[in-house]
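This report concerns only the one structure given below.
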Number of protein chains: 2
Amino acid sequence: MSAIDRAALDELVGGRQRRLQARDDIIREGDRPEDMNLLLTGWACRYKTLEDGRRQITSFFLPGDICDLNVFYLRMMDHSIGALTGITYAEVPRATYERVSGRHPRILQALTWDTLVAMAVQREWTVNIGQRSAYERIGHLFCELFYRLRAVGLTDGDSCDLPFTQIDLADATGLTPVHVNRTLQELRANGLIRLDRRTLTLPDLAALKRDALFDPTYLHLDREGAHLDANDA
Amino acid sequence: MSAIDRAALDELVGGRQRRLQARDDIIREGDRPEDMNLLLTGWACRYKTLEDGRRQITSFFLPGDICDLNVFYLRMMDHSIGALTGITYAEVPRATYERVSGRHPRILQALTWDTLVAMAVQREWTVNIGQRSAYERIGHLFCELFYRLRAVGLTDGDSCDLPFTQIDLADATGLTPVHVNRTLQELRANGLIRLDRRTLTLPDLAALKRDALFDPTYLHLDREGAHLDANDA
DNA sequence: CGAGCGATTGATCATAATCAAGCGATGTGG
DNA sequence: CCACATCGCTTGATTATGATCAATCGCTCG
């Protein structure tokens, strides 16, 4: 990344920064989106709630992720974005976004890239929930999170942070918390995961990948485009 | 849509057009994407297959839909796109796309819009499969398809075409064909649908929406952006 | 006419949901 | 500093939704 690109990135992120506690929402279903949000630290998620209270988490946001690129083209949020941990994020106004992306094609390219990968991940979630068993589903999600965290340097050997509850995990996988708990025990018993105090360890990633039918192609980590990573800023 | 926009659209669609039979693939997982594909007539779908044969349809494409905007930014297809009926589609080379979108901001805006809505639909599918019962799930999908078809003028009163098999429906909803069949009977028995010879009728859309917890907000049909519809071309 | 496909039905099974209760750690107010 | 409330996790018992296995039927097409 060149000095010019870095400056452009600073310009993007350098405006208003905000801080939220776990469980607070960045933006809620029904709101009119005003800004693009870039997660700097902590974990967040996108979710939708049905009238009767059922809740589905549709994406996780890790540090460096863009929560909603271009969402200001839409009149109304059709989902909410909430903090899973304490977070800090940059609020990028539309004008700033347009100025920076207009002047810096590589930044625009990186944002486009990010959008395409986000779509690929969303598709894989559809496959995950639609076709995989509870055991595979949770294993697959763990593989995905581990790969994504590793790509931004947030793993430590075969371990990484996993700062959300089993209820969150249930809402993300379309399972009940009780069943998530039992499935986690099964994964543990098979030596595929260790999970202790918000730290996830994958002692045998190859075996987990096999059992969960995980193929990282969809993450497109072999990126040819420029890489935009808010952690670089 | 102005004459200039229309001319731009003609330029986009006016290149190579192709024709495929049902069950042929436009492009397959593992291929390198070369072009953007615009579906002109017929139905297609995006799908992924697991090693053991399980298959998940992740989106349906209706006439006028863009199958894969910008996909040429990615090195390799992580999914396939297949024809569900006989189809015709326009193959737009990267160069054409870049020339036209560079010169015609409204076209670019319309394509961006399309991408954002496609993402919203993909999220809703995640919710649908993750949280809704088989009955709600199929009902919800029918509502979605009906709304989308109506938006491009492809409905006839409370009826529309539904040119795919129960197996396709099963692969799209994450259910087995047997269970789809039984659920369809239940929907029929409750007077919410009629389904005969590839024609779907929704005699009581309001009731179906209620039972399926369908809220069309996510389709963003109240579009403020320009509307790109290949059928206009 | 026979093959193949899609839809349908029946019987049985399994995965995951539901209901309910208890445990341990953390945190707070009296 | 203790009492108790809360939260996240865990366990047990039971139920239900949807999967699986298997067979039949009608239709179209070569």
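Every chain is numbered from 1 and lettered A, B, ... according to where its sequence line falls, protein lines coming before strand lines.
A:Leu219 approaches A:Val117 most closely through the heavy-atom pair O-CG1, 3.6 Å.
An OP1 or OP2 oxygen of C:dA7 is reached within less than 4.0 angstrom by no side-chain nitrogen or oxygen of B:Arg188. Distances shown here put every side-chain N or O of A:Gln185 at or beyond 4.0 Å from the OP1 or OP2 atom of D:dC9. For the OP1/OP2 pair of D:dT10 and a distance below 4.0 Å, the side-chain nitrogens and oxygens of A:Asn181 include at least one atom meeting the criterion.
The only option from B:Arg55, B:Gln56, B:Gln166, B:Arg54 that meets the side chain to side chain contact (heavy atoms under 4.5 Å, CB included) definition with B:Asp171 turns out to be B:Arg55.
A salt bridge does not link B:Glu136 with B:Arg210: none of the charged nitrogens is closer than 4.0 Å to a carboxylate oxygen.
Taking the centre of each ring, B:Trp125 and B:Phe60 come in below the 6.0 Å mark.
Under the 30°/60° scheme for interplanar angles, the aromatic rings of A:Trp113 and A:His220 are found to stand perpendicular.
A:Arg54 comes within 4.0 angstrom of no nucleic acid atom, judged by non-hydrogen atoms across all strands.
A donor atom on one side chain and an acceptor atom on the other are not found under 3.5 Å apart for B:Asp65 and B:Tyr89. Side chains of A:Gln122 and B:Thr126: a donor on one and an acceptor on the other come within 3.5 Å.
Judged by distance alone, the side chain of A:Arg137 and the main-chain N or O of A:Gly130 form no donor-acceptor pair under 3.5 Å.
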inquiry  = Generate the contact string for nucleotides 13-30 of chain D. Rules: B means base contact, S means sugar-phosphate contact only, - means no protein heavy atom under 4.0 Å.
reply    = B----BSBB---------
Which side-chain N or O atoms in residues 150-165 of chain B pair as donor and acceptor under 3.5 Å with protein atoms at least two apart or in another chain?
unit_1	atom_1	unit_2	atom_2	d
B:Ser159	OG	B:Thr201	OG1	2.8
B:Thr165	OG1	B:Ile167	N	3.3
B:Thr165	OG1	B:Asp168	N	3.1
B:Thr165	OG1	B:Asp168	OD2	3.3

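Between the CG atom of A:Leu184 and the P atom of D:dG8 there is a distance of 15 Å, given to the nearest Å. Atom C1' of nucleotide C:dC5 and atom CZ of B:Arg198 are separated by 11 Å, given to the nearest angstrom. In this structure, CG of B:Leu187 is placed 13 Å from P of C:dT8, rounded to the nearest angstrom. At whole-Å resolution of the value, CD1 in B:Ile193 and P in C:dA7 are 12 Å apart.
Contacts of residues 159-172 of chain A with DNA chain C (heavy atom under 4.0 Å): none.
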